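Note that the structure is a prediction, hence the values are computed from the model and not measured.
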Amino acid sequence: MKCRDFKDTIQLTNDGQLSLFFLGTGSAFTKKNFQNNLIVIKGDTHILIDCGTLCPFSFSTFNSKITDIQNILITHSHADHIGGLEEVALMNMYITQRRPKMILTDEYKKILWDHSLSGGLSIRGEDGMRQKMTFDDYFEQIKPVKVKKAPRPCFEIKLGNLDLKIFRTKHLFSAMNNWKNSYYSVGVLIDERVLFTGDSKNDPELIQWLSTSYKLDAIFHDCQFGYNAVHAGYTEIIKTIPDELKPKTLLCHYNDGSEKTDVQKDGFAGLVRRGIYYDF
């Protein structure tokens with residue numbers, strides 16, 4: 001993995017290498033690091049993973065427009081991951097007049113629309129006419145295919161030259177402390193080599209499954225410094241991430257002020273930085 005500086009505007013194409021560009025690296029209530037949303041780029045294919053409340057603003061700080069995004073994947077329905085979707089929907093309807101593609105299952109499509117997006121998008125009024133709108137008026141659904149014999153729900157899709165595997169994670173409160181009883185949330189395995197955990201509690205079984213099943217070049221891992229009931233805590237992952245994986249592990253979704261912690265002394269590759277390209 002190599003790091004490359006941002007120049008001019010966000011590049012949504014490259015010469016074919018796999019690149020990740022973090023629009024933000026912060027936790028839900030960050031006031032300085034923007035939210036943990038990122039773009040994956042490979043050749044002429046790109047995908048925005050999560051679109052939080054600050055995501056459209058983050059694009060503008062890079063002299064770029066969120067309406068240039070053609071493909072979206074949402075990991076779960078907290079505002080720091082979906083809060084910018086209404087703006088994306090309306091700007092595309094009225095300005096670009098096209099529908100971005102969104103990768104999601106029928107299950108999550110219903111959750112996302114019924115419990116979040118429909119509140120601001122279900123009614124359209126023009127010239128005195130009232131029109132009922134649906135998810136499909138704003139976005140084109142792309143359905144992933146379920147992976148057989150996976151230890152937890154996992155779906156796969158080929159998007160251009162990108163291979164994406166989408167798996168359930170443990171997030172929010174769960175009395176049984178497993179993905180079955182958790183709030184709906186997913187992480188993403190990119191090209192079978194880069195793991196993005198998404199929002200998740202500490203989940204050693206997940207890391208064990210993916211690191212033994214695939215040859216991982218990097219892990220971008222959710223991390224909170226200090227106790228947090230719904231995210232992986234730093235003191236937990238120090239103990240549970242194998243020593244051989246720590247040099248490949250970068251920590252993201254961290255709270256403001258976390259930059260003061262020297263995570264490299266504990267064997268990790270570092271904190272994810274906003275506004276650079278991670279090239280593989």
Side-chain angles (χ1 to χ4, degrees), residues 8-13 20-24 28 34-145 155 157-162 164 166 184-186 188 196 198-199:
D8 303 322
T9 60
I10 298 171
Q11 301 300 307
L12 297 179
T13 61
L20 275 63
F21 183 88
F22 278 77
L23 295 153
F34 287 80
Q35 295 152 339
N36 198 49
N37 308 161
L38 68 148
I39 307 171
V40 180
I41 309 112
K42 187 179 181 185
D44 60 1
T45 303
H46 72 269
I47 186 164
L48 173 66
I49 299 180
D50 288 336
C51 183
T53 309
L54 299 176
C55 190
F57 176 44
S58 183
F59 269 87
S60 72
T61 68
F62 294 114
N63 305 310
S64 303
K65 298 181 296 182
I66 199 167
T67 49
D68 289 335
I69 292 294
Q70 299 177 23
N71 307 296
I72 301 170
L73 190 157
I74 299 297
T75 63
H76 66 291
S77 293
H78 281 149
D80 53 323
H81 299 269
I82 65 162
L85 279 181
E86 184 173 324
E87 181 173 339
V88 170
L90 294 173
M91 289 184 69
N92 277 291
M93 174 163 283
Y94 292 110
I95 298 174
T96 70
Q97 297 182 338
R98 62 173 177 79
R99 294 183 303 156
K101 296 180 174 66
M102 190 180 296
I103 297 171
L104 75 175
T105 62
D106 286 336
E107 176 189 7
Y108 185 54
K109 177 183 177 182
K110 180 173 176 57
I111 292 171
L112 181 60
W113 180 256
D114 289 353
H115 298 292
S116 297
L117 297 184
S118 64
L121 296 175
S122 61
I123 300 297
R124 177 183 180 186
E126 290 183 359
D127 300 324
M129 300 295 291
R130 177 183 171 98
Q131 182 180 356
K132 185 75 172 178
M133 307 295 284
T134 70
F135 177 95
D136 298 305
D137 291 314
Y138 297 101
F139 301 100
E140 178 184 347
Q141 180 187 9
I142 306 296
K143 295 184 185 182
V145 177
F155 295 82
I157 191 164
K158 305 283 187 181
L159 182 69
N161 53 8
L162 274 173
L164 303 172
I166 305 160
Y184 186 94
S185 61
V186 299
V188 187
F196 174 66
D199 283 18

Please table the atom pairs, donor to acceptor, closer than 3.5 Å between any side-chain atom in residues 40-51 and protein atoms at least two apart or in another chain.
residue: Lys42; atom: NZ; partner: Asn161; partner atom: O; Å: 3.2
residue: Lys42; atom: NZ; partner: Asp191; partner atom: OD2; Å: 2.8
residue: Thr45; atom: OG1; partner: Asn161; partner atom: OD1; Å: 3.4
residue: His46; atom: NE2; partner: Gln70; partner atom: N; Å: 2.8
residue: Asp50; atom: OD1; partner: Thr75; partner atom: N; Å: 2.7
residue: Asp50; atom: OD1; partner: Thr75; partner atom: OG1; Å: 3.2
residue: Asp50; atom: OD2; partner: Thr75; partner atom: OG1; Å: 2.8
residue: Asp50; atom: OD2; partner: His81; partner atom: ND1; Å: 2.7

Legend entry - Atom pair CG (Leu85) and CG (Leu117), whose distance is rounded to the nearest 0.5 Å: 5.5 Å

Inset, instruction - Evaluate the side-chain proximity of Ile69 to Leu12: yes if any heavy-atom separation is below 4.5 Å, no if none is. - result: yes

Inset, instruction - Return the set of residues passing side-chain hydrogen bond (donor to acceptor under 3.5 Å, both in side chains) with Ser118 (not counting sequence neighbours), or none when no residue passes. - result: none

Legend entry - Pairs satisfying ring pair (Phe, Tyr, Trp, His ring centres under 6.0 Å), at least one member in residues 85-122, at least two apart: Tyr108-Tyr184

Inset, instruction - Identify, with sequence neighbours excluded, every residue that meets ring-ring contact (aromatic ring centres under 6.0 Å, His included) alongside Phe59. - result: none

Inset, instruction - Measure the CD1-CG distance between Ile103 and Leu159 for me, rounded to the nearest 0.5 Å. - result: 4.5 Å

Legend entry - Residues that Gln97 engages under side chain to side chain contact (heavy atoms under 4.5 Å, CB included), provided they are two or more places apart: none

Legend entry - With sequence neighbours excluded, residues passing salt bridge (charged side-chain N to carboxylate O under 4.0 Å, His left out) with Asp114: Lys110

Legend entry - Euclidean distance, Ile142 CD1 relative to Asn71 CG, rounded to 0.5 Å: 8.0 Å

Inset, instruction - Name all residues meeting the side chain to side chain contact (heavy atoms under 4.5 Å, CB included) criterion together with Asp8; count only those two or more places apart in sequence or in a different chain, and write none if there are none. - result: none

Inset, instruction - To the nearest 0.5 Å, tell me how far Leu112 CG sits from Leu104 CG. - result: 6.5 Å

Inset, instruction - Taking side-chain hydrogen bond (donor to acceptor under 3.5 Å, both in side chains) as the test, write out the residues that go with Asn63, two or more places apart. - result: none

Legend entry - Polar side-chain atom of Thr53 near backbone of Ala79 as donor-acceptor pair, under 3.5 Å: yes

Inset, instruction - Enumerate the residue pairs fulfilling salt bridge (Lys or Arg N to Asp or Glu O under 4.0 Å) with a member in residues 80-98, sequence neighbours excluded, ordered by first and then second residue. - result: none

Inset, instruction - Check Ser116 against Ser77 and note the closest heavy-atom contact, atom names and distance. - result: OG-CB, 4.0 Å

Inset, instruction - Using a 4.5 Å cut-off on heavy atoms from C-beta on, say whether the side chain of Leu164 contacts that of Phe155. - result: no

Inset, instruction - For a side chain to side chain contact (heavy atoms under 4.5 Å, CB included) with Ile66, tell me which candidate from Asn92, Val88, Leu23 qualifies. - result: Val88

Legend entry - Partner set under side chain to side chain contact (heavy atoms under 4.5 Å, CB included) for Thr61, not counting sequence neighbours: Phe34, Phe57, Ser58, Arg274

Inset, instruction - Please tell me if the side chains of Ile72 and Pro100 come closer than 4.5 Å, counting only heavy atoms from C-beta onward. - result: yes

Inset, instruction - Drop me the distance from Phe135's CZ to Arg99's CZ, to the nearest 0.5 angstrom. - result: 9.0 Å

Legend entry - Heavy-atom pair of closest approach, residues Val186 and Ile74: CG2-O, 4.1 Å

Legend entry - Side chains of Met93 and Arg124 in contact at under 4.5 Å (non-hydrogen atoms): yes

Legend entry - CE on Met102 to CD on Gln141, rounded to 0.5 Å: 9.5 Å

Inset, instruction - Before giving the answer on side chain to side chain donor-acceptor pair (under 3.5 Å), spell out for His78 and Asp199 the whole-Å C-alpha distance, their side-chain angles and the decisive distance to 0.1 Å. - result: CA-CA 10 Å; His78 281 149; Asp199 283 18; 4.8 Å; no

Inset, instruction - With sequence neighbours left out, write down each residue that passes ring-ring contact (aromatic ring centres under 6.0 Å, His included) with Phe196, or none if nothing qualifies. - result: none

Inset, instruction - Apply side chain to side chain donor-acceptor pair (under 3.5 Å) to Gln11 and Thr13, showing your working. - result: CA-CA 6 Å; Gln11 301 300 307; Thr13 61; 5.3 Å; no

Inset, instruction - Can you sort out the partners of Asp136 under side-chain hydrogen bond (donor to acceptor under 3.5 Å, both in side chains), two or more places apart, ordered by chain and number? - result: Lys109

Legend entry - Worked verdict on Lys143 versus Thr105 for side chain to side chain contact (heavy atoms under 4.5 Å, CB included): CA-CA 6 Å; Lys143 295 184 185 182; Thr105 62; over 6 Å; no

